[in-house]
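Report on the structure given below.
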Amino acid sequence: MTILLLGSGGREHAFAWKMIQSPLCDTLFVAPGNAGTAEIATNVNLNILDFEAIKTFSLDEKVTMVVVGPEDPLVHGIYDFFKNDDDLKHIPVIGPSKKGAQLEGSKEFAKEFLIKHNIPTAAYDSFTAETVEKGCEFLETLQPPYVLKADGLAAGKGVLIIHDLAEAKTELRNMLVHAKFGAASSKVVIEEFLDGIELSCFVLTDGKNYKILPTAKDYKRIGEGDTGLNTGGMGAVSPVPYVDAVLMEKIETRIVKPTIEGFQKDGIEYKGFVFIGLINVNNEPIVIEYNVRMGDPETEVVVPRMKTDLVELFQAVANEKLDEITLEIDPRSATTVMVVSGGYPEDFMKGMEISGLDKVIDSIVFHAGTRMNNGAVVSNGGRVLAVTSYGDDFQEAIKKSYQNIDKLHFDKMYFRKDIGFDLLS
Ligand code: AMP
Ligand code: GLY
């Protein structure tokens, strides 16, 4: 097969690393890719939102499958673009239809879906600039802290958790009336705060059948002890040690099954990943969000634990035959630590030369934000490298990641030294 993978982060490097191990994969293109994917596949300089350019490339290179990493092309309807084009409809796209991608593209759509299909989620209401005063009244009926969510895509920054009622009202006005998150906050979901431990459940579905992938937990805050600003994710661990069979069974019967059945009842075409964000409140899993793609850096620990051929899985997704495949999982733990550019998630520099990559032993370095510059690998984003290791438990795995990070260097590099700190007890 000739596969085109869209994206340029650590998630895509991990997908590429796994897909090229498949005997079914003859040629792998990554658009736009990074220095890591360039080593193992062919990078293509394509804008992933320019569907016409993707069409031309796919026809010229006789692409036989498209795998979509990030949410943006999905929310913009790349699945439907291929399906509705006579020249492209024979090429399967791994990802949901535009309607399915609304589960991530609109918080309100996701909440309506959850309520309609009786899937446990926090109580909520949604408001616009016209109903901002009603929103303030609704806040008065809730207990602090207050959870305000911009309806649309806001690059992971659209959720505010505020302890003070007056401040919550001010922020609600900022979002609705002063477009704090641009068009994304022209509608705001106000939600009941859930007090518990967060975890993520990853599902691959062909729209009828599904496979639950290994659990993972990421560390979103920039600072140690989960302090400071939110980032895309500073590290991850798989499996999550406190998720036992009883909790998993609840997640499957109360959340995963009704989600997939909901797709069928609502006529939502969905052939891709569902990333379900959960909070475990007294052993009751409650959904806080859907994403329509894999997590990053969760992919860098989930995919390395999958023994089953990923291309075979994608083929089964395309052919709606996922029930015919057994998913084999590596029993070892995997951890990843994200090495970032100092200043991230605020202002940071790019273009710093990275050294020591050739000295890494017994870890896999997935490139998150890098490019080649005159034969050298240089940083090209806030999140730069994800260093993944295996171990019999996560402590053993994390030790290896840190030992290898010690060999890496670029100017102003930073990483959290406490990934997994909350899992020790
Ligand atoms: P989201 O973008 O929906 O994942 O929200 C970002 C973060 O806000 C989550 O990772 C949670 O830590 C937190 N969060 C979202 N919704 C709630 C809620 N209802 N109760 C408590 N925390 C929440
Ligand atoms: N690591 C969280 C995400 O990919 O959204």
Side-chain angles (χ1 to χ4, degrees), residues 7 9-12 14-15 68-72 74-75 103-111 114 120-126 139 142-163 168 171 181 184-185 188-202 213 215-222 226-238 240 273-282 284-303 336-338 340 345 366 368 382-383 386 416 419 422:
R11 166 182 50 213
E12 287 75 26
F15 279 154
V68 186
E71 64 277 14
D72 253 3
L74 297 166
V75 173
L103 286 176
E104 179 165 359
S106 164
K107 301 269 186 204
E108 188 185 40
F109 180 89
K111 292 299 282 191
L114 287 160
T121 188
Y124 84 105
D125 206 343
S126 64
L139 283 170
L142 300 176
Q143 296 298 315
Y146 306 95
V147 183
L148 309 183
K149 300 187 172 186
D151 180 63
L153 291 183
K157 299 195 179 79
V159 177
L160 300 180
I161 297 182
I162 301 169
H163 289 265
E171 286 296 352
F181 298 108
S185 67
V188 171
V189 166
I190 300 180
E191 200 173 83
E192 165 201 9
F193 178 83
L194 300 172
D195 194 8
I197 303 172
E198 262 183 88
L199 67 126
S200 304
C201 172
F202 299 97
L213 308 180
T215 56
K217 179 183 194 304
D218 84 337
Y219 291 80
K220 285 206 177 74
R221 304 296 196 94
I222 188 71
D226 287 341
T227 54
L229 293 174
N230 257 324
T231 70
M234 295 295 292
V237 176
S238 177
V240 185
F273 293 99
V274 196
F275 163 169
I276 310 174
L278 305 162
I279 295 192
N280 184 19
V281 183
N282 301 322
E284 303 300 322
I286 303 181
V287 177
I288 53 166
E289 66 165 343
Y290 284 113
N291 293 304
V292 298
R293 51 171 174 86
M294 278 299 288
D296 190 353
E298 293 93 328
T299 307
E300 291 94 301
V301 291
V302 169
V303 163
T336 199
V337 178
M338 196 58 89
V340 308
F366 293 118
R383 296 194 294 172
R416 268 182 67 168
I419 298 305
D422 55 336

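Computed from a prediction, not measured in an experiment: that's the story for all the values here. All ligand and atom numbering here is 1-based and tracks the order in the structure. Scope of the values below: all heavy atoms of this structure, side chains included, with no hydrogens, waters or symmetry mates.
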Could you tell me whether the side chain of Arg416 and the main chain of Arg221 form a donor-acceptor pair under 3.5 Å?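 It does hold such a pair.
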Look at the side chain of Thr231 and the backbone N and O of Ile222, then say whether any donor-acceptor pair between them is shorter than 3.5 Å.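 Between the backbone of Ile222 and the side chain of Thr231 there is no qualifying donor-acceptor contact (under 3.5 Å).
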Glu298 vs Ser200 side-chain heavy atoms within contact, under 4.5 Å: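 Yes, side chains in contact.
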Between [X] and ligand 1, find which residue part has any heavy-atom pair under 4.0 Å and reply side chain, backbone, both or neither.
X: Glu192; result: backbone
X: Ile161; result: side chain
X: Leu194; result: both

Just to verify, what does Thr299 make a side chain to side chain donor-acceptor pair (under 3.5 Å) with, not counting sequence neighbours?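 Testing Thr299 for side chain to side chain donor-acceptor pair (under 3.5 Å), a comparison that skips the adjacent residues, returns none.
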All side chain to side chain donor-acceptor pair (under 3.5 Å) counterparts of Asp151, not counting sequence neighbours: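 So Asp151 forms a side chain to side chain donor-acceptor pair (under 3.5 Å) with Ser106.
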Taking only heavy atoms of Lys149, which atoms of ligand 1 are found under 4.0 Å from at least one of them?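 Listed by number with element, the hits are 3 (O), 15 (C), 16 (N).
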Quick one: ligand 2 N/O to protein N/O pairs below 3.5 Å?
from     : atom 1 : to     : atom 2 : distance (Å)
ligand 2 : 1 (N)  : Asp218 : OD2    : 2.7
ligand 2 : 1 (N)  : Gly232 : O      : 3.0
ligand 2 : 1 (N)  : Asp296 : O      : 3.0
ligand 2 : 1 (N)  : Glu298 : OE1    : 2.9
ligand 2 : 1 (N)  : Glu298 : OE2    : 3.3
ligand 2 : 4 (O)  : Arg293 : NH1    : 3.0
ligand 2 : 4 (O)  : Asp296 : N      : 2.9
ligand 2 : 5 (O)  : Arg293 : NH1    : 3.4
ligand 2 : 5 (O)  : Arg293 : NH2    : 3.0

Side-chain atoms of residues 142-149: list all donor-acceptor pairs with protein atoms under 3.5 Å, sequence neighbours left out, distances to 0.1 Å.
from   : atom 1 : to     : atom 2 : distance (Å)
Lys149 : NZ     : Glu191 : OE1    : 3.2
Lys149 : NZ     : Ile288 : O      : 3.1

So, regarding Ile279 and ligand 1 (criterion: nitrogen or oxygen to nitrogen or oxygen, under 3.5 Å), is there a contact or not?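 In this structure, Ile279 places no N or O atom under 3.5 Å from an N or O of ligand 1.
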